[in-house]
Amino acid sequence: MTGIGDLTAVQLRDALARGELGATETTEFFLARIEERNPQLGAFVHVAHGPALARARALDALPAGAPRGPLHGVPLAVKDLHDVAGMPTGYGSAAVADPGTGAAAAAEDDDLVAVLTASGAVCLGKTQVPEFGLNCYSENLVAPPARNPHDPTTGAGGSSGGQAAAVAAGMLPLAPGSDGGGSVRIPAAACGLVGLKPNRGRVPTADAQSDAAQLVVNGPIARTAEDAALLLDVLCAPARGPAHGNVVHRAVAAAPQSSFLESVRAARRGDLPWGGRPLRIGVSTASPFDTVHDIEVSPEARAALDAGVARLRAAGHEVGEASIGYDPEYPGAFFDVWTTSMGTAPLDHEQAQRLTGLAAAFRARALRRSAVELARAVGTLRRIEQDVIRAYGAWDMVLTPALAMTPRPLGWYWAGHDQEDPAGADQDYRRQCQYTPWTSVVNVVGLPAVTVPTLWTSPAVGRPVVPMGVQLIGRPSAEAQLLAVVAQLEDAPR
């Protein structure tokens, strides 16, 4: 049989379901992979070796005929922003950790972890994030940075950088990420993976106080369209209550979809979710940050976009230039909303003094902002949402580059500044907007979007070959269509 590490997540799930593999041997394999590869890549900040094996053995001990979840025995991990009972939650920050003992262990699982546990998954630990998940790169001062497996001198992206690095390096078969401004799509693109941001409300995530504009949603990071669809099916499932195993129904504000995995498989059989007609796909490199930052599309990003266009046309779709403009008030309104989460973080004065970099700068600015100013910013984004959805509606999908540049060197965002320098925070934020100028607007408007690799860069002296890709933005509740197009891109001639 094909080795465990060579299986897709769907193939691994199926082998476990048929009894060809056990949860324990699968868990042992991936724990060994982590031990071998993580020291060079910094993907994991906490490995739960004992609890993971205990969980796997309990799954293997289930009697014949006992109910098994859709991810029975499949190893996963979660970002170090999620609570897992018995594991420390560090948020990538020294602010929440006791200076002597480190981050405290969580008392119970959060909602995402409860869903994954109910699915039968085995949690191997926690992965690296930027401080409080704010940045599009996963570097902080409390643990080694998450490095890109294809070029370890560069970062894996963020905020789900540890998740993407682990999947790309074969330490995990797939991983759930969270995306508030691109935090699933950016690291997936940097590491050559499929990263899907679901429609707003598809996977309930945050409350209105911690996420005033409802930007954040959990989504899959995977190697293939089918793997991403498998995890999306699980993320949309009801969670099991902790006390009696009762089903906890979570409100979903998106068009129903019985199974994303079956939809992708049907598309591969020719039963396309949009019927037999070609899709009309509009191509744009316009960014809502064009009015305040110098946004350049690098030659590598342009080549990846051209490759995506060619493969979409080869799949039979109509691809043309889209004339899309953005409201000049977007950058200011988005900044005001994005920084607000640090103002509501439950930190006392002593903890707040231990914040670094962008987290410290964002908290200071958020605390100076009035409730009226925040409400005005949210109102501006809601107006922009209507305008953008109307403009995108001229097309079945909108295509942009995934990232404007190749993966960035470690330390690039703050280069030339120290963590206490306000000018460094301004440079950091500006460079993040320049690196990933097309992702945050999708969170603002609530549409689904997916990034997918389309080429590898040309070899150059002293530089590794790295992946580059495109972003496809769908109509409301169009995750099934997006994943079907990704499957077409995977099957198209390269």
Side-chain angles (χ1 to χ4, degrees), residues 1-39 43-80 82-89 105-127 162-163 166-167 169-176 220 222 227 230-231 233-235 237-248:
M1 189 185 76
T2 303
I4 293 176
D6 299 319
L7 299 174
T8 68
V10 171
Q11 291 170 337
L12 179 63
R13 187 277 309 264
D14 291 346
L16 285 158
R18 292 190 297 265
E20 296 169 2
L21 289 173
T24 303
E25 66 177 306
T26 302
T27 298
E28 288 174 339
F29 173 87
F30 283 101
L31 287 172
R33 276 276 179 92
I34 294 168
E35 184 176 359
E36 172 194 356
R37 299 178 181 181
N38 193 62
F44 279 82
V45 296
H46 176 76
V47 181
H49 191 279
L53 285 175
R55 162 78 165 163
R57 289 169 184 143
L59 291 171
D60 283 339
L62 288 174
R68 283 165 167 76
L71 292 180
H72 176 86
V74 175
L76 293 178
V78 295
K79 296 165 67 170
D80 194 24
H82 294 283
D83 283 344
V84 181
M87 295 188 198
T89 306
E108 59 184 12
D109 295 342
D110 70 8
D111 184 61
L112 171 67
V113 177
V115 169
L116 296 175
T117 300
S119 78
V122 178
C123 184
L124 303 188
K126 311 285 284 292
T127 58
Q163 297 286 73
V167 174
M171 291 184 274
L172 291 174
L174 76 174
D227 287 356
L230 169 67
L231 185 52
D233 281 339
V234 169
L235 294 176
R240 293 279 176 184
H244 306 291
N246 56 302
V247 174
V248 178

Show the nearest heavy-atom pair for residues Pro173 and Val167, with the distance to one decimal.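 Distance-wise, the nearest heavy atoms are O-CG1, 4.1 Å.
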Test item: [X] side-chain N/O and [Y] main-chain N/O as donor-acceptor pair under 3.5 Å:
{"X": "Lys126", "Y": "Pro88", "result": "yes"}
{"X": "Asp110", "Y": "Asp83", "result": "yes"}
{"X": "Asp80", "Y": "Thr127", "result": "no"}
{"X": "Arg55", "Y": "Val122", "result": "no"}
{"X": "Gln163", "Y": "Ala77", "result": "yes"}
{"X": "Thr117", "Y": "Ala114", "result": "no"}

[X]: partners by side chain to side chain donor-acceptor pair (under 3.5 Å), with sequence neighbours left out:
{"X": "Thr24", "result": "Asp60"}
{"X": "Asp14", "result": "none"}
{"X": "Asp109", "result": "none"}

Distance-only donor-acceptor hits, side chain of residues 67-74, under 3.5 Å, sequence neighbours excluded:
from: Arg68; atom 1: NH1; to: Ala66; atom 2: O; distance (Å): 3.1
from: Arg68; atom 1: NH2; to: Leu62; atom 2: O; distance (Å): 3.4

Partners meeting salt bridge (Lys or Arg N to Asp or Glu O under 4.0 Å) with Lys79 (sequence neighbours left out):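 For Lys79, no residue satisfies salt bridge (Lys or Arg N to Asp or Glu O under 4.0 Å) once neighbours in sequence are set aside.
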Under the side chain to side chain contact (heavy atoms under 4.5 Å, CB included) rule, what do Thr89 and His82 come out as? Steps first, then yes or no, please. CA-CA 7 Å; Thr89 306; His82 294 283; over 6 Å; no
Just to verify, what does [X] make a side-chain contact (heavy atoms from CB on, under 4.5 Å) with, not counting sequence neighbours?
{"X": "Ala43", "value": "Asn38, Ala165, Ala166, Met171"}
{"X": "Gln11", "value": "Leu7, Thr8"}
{"X": "Asp233", "value": "Ser259, Phe260, Leu261"}

Starting at [atom1] of [X], measure out to [atom2] of [Y] and round the result to the nearest 0.5 Å.
{"X": "Glu36", "Y": "Leu31", "atom1": "CD", "atom2": "CG", "answer": "13.0 Å"}
{"X": "Asp227", "Y": "Leu231", "atom1": "CG", "atom2": "CG", "answer": "9.0 Å"}
{"X": "Leu116", "Y": "Leu76", "atom1": "CG", "atom2": "CG", "answer": "6.0 Å"}
{"X": "Glu20", "Y": "Ile4", "atom1": "CD", "atom2": "CD1", "answer": "11.5 Å"}
{"X": "Thr26", "Y": "Leu12", "atom1": "OG1", "atom2": "CG", "answer": "5.5 Å"}

Go through Leu124 and Phe30 one step at a time and tell me if the side chain to side chain contact (heavy atoms under 4.5 Å, CB included) criterion holds. CA-CA 8 Å; Leu124 303 188; Phe30 283 101; 3.8 Å; yes
Around Glu35, counting heavy atoms of other residues, nucleotides and ligands shown, do more than 12 lie under 6.0 Å from its CD?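 No, because the 6.0 Å sphere around CD of Glu35 holds 12 heavy atoms or fewer from other groups.
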